[in-house]
Amino acid sequence: MKLLNIIDQPHAIDRRAAFGELGRTLGKAATVAMPLAAFFAPGRARAQASGDTVVDVLNFALTLEYLEAEYYAMGLDSDGLLTGDMRETIALIGQHETAHVEFLRSAISGSGGTPVEKPAFDFTANGAFANIFSNTETFMAVAQAFEDTGVRAYKGQAGNLMGNGDVLTAALQIHSVEARHASMIRRMRGSKGWITNAMNTTGAAPADAVYAGEDQVTQLGVDVTSVSSVDRGQITESFDEPLGKQAVLDIASLFIQA
Amino acid sequence: MKTPKFSTSRVVSDRSPHSRRNFLRKSGYGVAAASLFLAGCADDDDIVMVDDRVSLGTGDVGVLNYAFALEQLEAAFYAMVLQGGYFSSANADEQQVMRDLEAHERAHVDFLSTAISSVGTAIPALEVDFSSIDFDSRDSVLGTAQAFEDLGVSAYNGAGRLLTDPNYLLAAGKIVSVEARHAAAIRTLNANGNPTAFANSQVVDSNGLDLARTPAEVLAIAGTYVVTPLDASGLPQ
């Protein structure tokens, strides 16, 4: 609750600066707590399934975390947008995303790589969400889209990290936190915490791509509808689907200034 | 194709005083099972289980069987929840959550049973002991559900690195995020709407990382409820 204390102090310090300072603090903690350089044993740095190195994958993840962290920081910075319990929830999620940014930056640096720069974001998506920081419903709908995208993005990269067990485990540990976020935001908005078919419950058509393919029922070559009496819609809820890097970047690019 | 069934005769759930001896025997068995697979040997002559131990197997199949065991535990639990007093008196939202979770875990069981059987030997239906759970009590049901969901998340997070086939890793990834979605929903219900219970510091550390547990850690916890003794010695380290 330190974050809330900092943010809620009316005249203490600039709120954005407070969020950044907290992030740096957490980043230092991360560096001390985990010998991140130890993740990257020589000769094991190349990711398995694609031409991307582990650093490439982590930088891709970092871009998404930058987006989420800045989004929540700006939302919390917008007067009257987030209040009460909702503010507490978003503050915790924002805290996690900021921690992910610092963790990934440390992991990339620890490998000898260079963390990508934070892009300049436009969360109005060039005007499509003009009221993004003044309308709570719009803000939460886009938050849902970001979280569900994040879950799919990490899942899509897991195979590329198989050459390094420690990095893979850390990525999985972030992945499930994003899924907790997604479930919470979805339920706060009145949706189920899980994704039924390829249903886009954000109310925003541009988010259709976030849910495309979530209606998959064949897993490892098994048509689950043929081996289970569970309802088809509930079967689709039972498995979250991955998204490839380009599909994720296409979604994220809506919010990145050209 | 074999689909594990959880008949009520295999589930110890009678909470009447007359079943206490049975309960104690059963729970002792479960604890012994947990310590057995950890120790890897059986010194207790009173409990014959060495020949009854169910081996999870080796390699990727072993890891999948490990997941299958946990999914069986969850599926059996939610099947019992739907028959209990808490469910019948729960509000519409909580009933929908419980119905969905029962369906999801059953789908995971059906899927894993088939997928494992196509490449190796799937473990049989496990015997479970839920005598410590009061299925008429909201606190008992939600508290147990929270423990199971958080345990499942930590298990998959810890087991991903043990897999060698990226297709299996992806399948596990598809399941674990659903378990995390469950965990967040259950945690919020169990904390009566507390706005940070879904991912508080009990489960997410200062780096923003969720829990990850080794199979030995997970099975020691699950051993409270799984009566069938499991042999996890073949799992990759």
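A, B, ... follow the sequence lines: proteins, then strands. Residue 1 opens every chain.
Here the shortest heavy-atom pairing between A103(B) and V230(A) reads O-CG2, 3.4 Å. Residues T169(A) and A212(B) come closest through the heavy atom pair CG2-CB, 4.1 Å. Residue K174(B) comes nearest to P242(A) through the heavy atom pair CE-CD, 3.8 Å, listed as atom of the first residue, atom of the second, then distance. The minimum heavy-atom distance between H175(A) and V176(B), with the atom names listed, is CE1-CG1, 3.6 Å. Nearest approach of G173(B) to K155(A), heavy atoms of both residues: O-NZ, 3.0 Å.
Only the backbone of D165(B) comes within less than 4.5 Å of a heavy atom in chain A; its side chain stays farther off. Proximity to chain A is limited to the side chain of L189(B), based on heavy atoms less than 4.5 angstrom apart. Contact annotation for H100(A): both backbone and side-chain heavy atoms come within less than 4.5 Å of a heavy atom of chain B. Of the two parts of V177(A), the backbone and the side chain both hold a non-hydrogen atom closer than 4.5 Å to a non-hydrogen atom of chain B. At a 4.5 Å heavy-atom cutoff, L162(B) makes no contact with chain A through either its backbone or its side chain. Heavy-atom distances place the side chain of R186(A), and not its backbone, under 4.5 Å from chain B. Heavy-atom distances place both the backbone and the side chain of S229(A) under 4.5 Å from chain B. Interface remark: E179(B) contributes no atoms to any contact with chain A (heavy atom separation under 4.5 Å).
The most heavy-atom pairs under 4.5 Å with chain A, out of V203(B), N167(B), L101(B), come from V203(B). Taking L220(A), L168(A), I195(A) one by one and counting their heavy-atom pairs under 4.5 Å with chain B, the maximum is reached by L220(A). Contacts with chain B were tallied for A179(A), S183(A), S238(A); S238(A) has the most, counting heavy-atom pairs under 4.5 Å. For the set V97(B), L211(B), N200(B), L163(B), the entry with the most heavy-atom pairs within less than 4.5 Å of chain A is V97(B). Most heavy-atom pairs under 4.5 Å with chain B, from the set S228(A), S176(A), G193(A): that is S176(A). No other option in A115(B), P195(B), S154(B) has as many heavy-atom pairs under 4.5 Å with chain A as P195(B).
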>> Is there a side-chain hydrogen bond (donor to acceptor under 3.5 Å, both in side chains) between H104(B) and E237(A)? Walk through the geometry before answering.
In response: CA-CA 7 Å; H104(B) 298 167; E237(A) 293 170 354; 2.6 Å; yes
>> Let's go through R187(A) and T188(B) carefully: what are the C-alpha distance in whole Å and the side-chain angles of both, what is the deciding distance for side chain to side chain contact (heavy atoms under 4.5 Å, CB included) to 0.1 Å, and is it a yes or a no?
In response: CA-CA 10 Å; R187(A) 284 178 53 78; T188(B) 306; 5.6 Å; no
> Passes side chain to side chain contact (heavy atoms under 4.5 Å, CB included), R187(B) versus R180(A)? Steps please.
Replying inline: CA-CA 10 Å; R187(B) 285 185 144 268; R180(A) 287 178 188 267; 3.5 Å; yes
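A side-chain donor-acceptor contact under 3.5 Å links Q173(A) to the backbone of D210(B).
One finds the CG atom of D100(B) at 6.0 Å from the CH2 atom of W194(A) (value rounded to the nearest 0.5 Å). Distance check, rounded to the nearest 0.5 Å: CZ of F198(B) to NE2 of H181(A) gives 5.0 Å. Here the CD atom belonging to E241(A) is positioned 9.0 Å from the OG atom belonging to S177(B), to the nearest 0.5 angstrom. Rounded to the nearest 0.5 angstrom, Q219(A) CD and D110(B) CG are separated by 13.0 Å. We find the CZ-CE distance between R161(B) and M162(A) to be 11.5 Å, quoted to the nearest 0.5 Å. Between the CG atom in N194(B) and the CG atom in D85(A) there is a gap of 7.5 Å [rounded to 0.5 Å].
At a threshold of 4.0 Å, the pair R106(B)-D231(A) does not count as salt-bridged, since none of the basic side-chain nitrogens sits closer than that to a carboxylate oxygen.
For R138(B), the CZ atom is densely surrounded, since the number of other residues' heavy atoms within 6.0 Å is greater than 12.
Within the 4.5 Å cutoff, side-chain heavy atoms of Q96(B) are placed close to those of K192(A). Contact annotation: the side chain of F239(A) approaches that of I175(B) to within less than 4.5 Å [non-hydrogen atoms, C-beta and beyond]. Between F111(B) and V227(A) the shortest side-chain heavy-atom distance does not fall below 4.5 Å.
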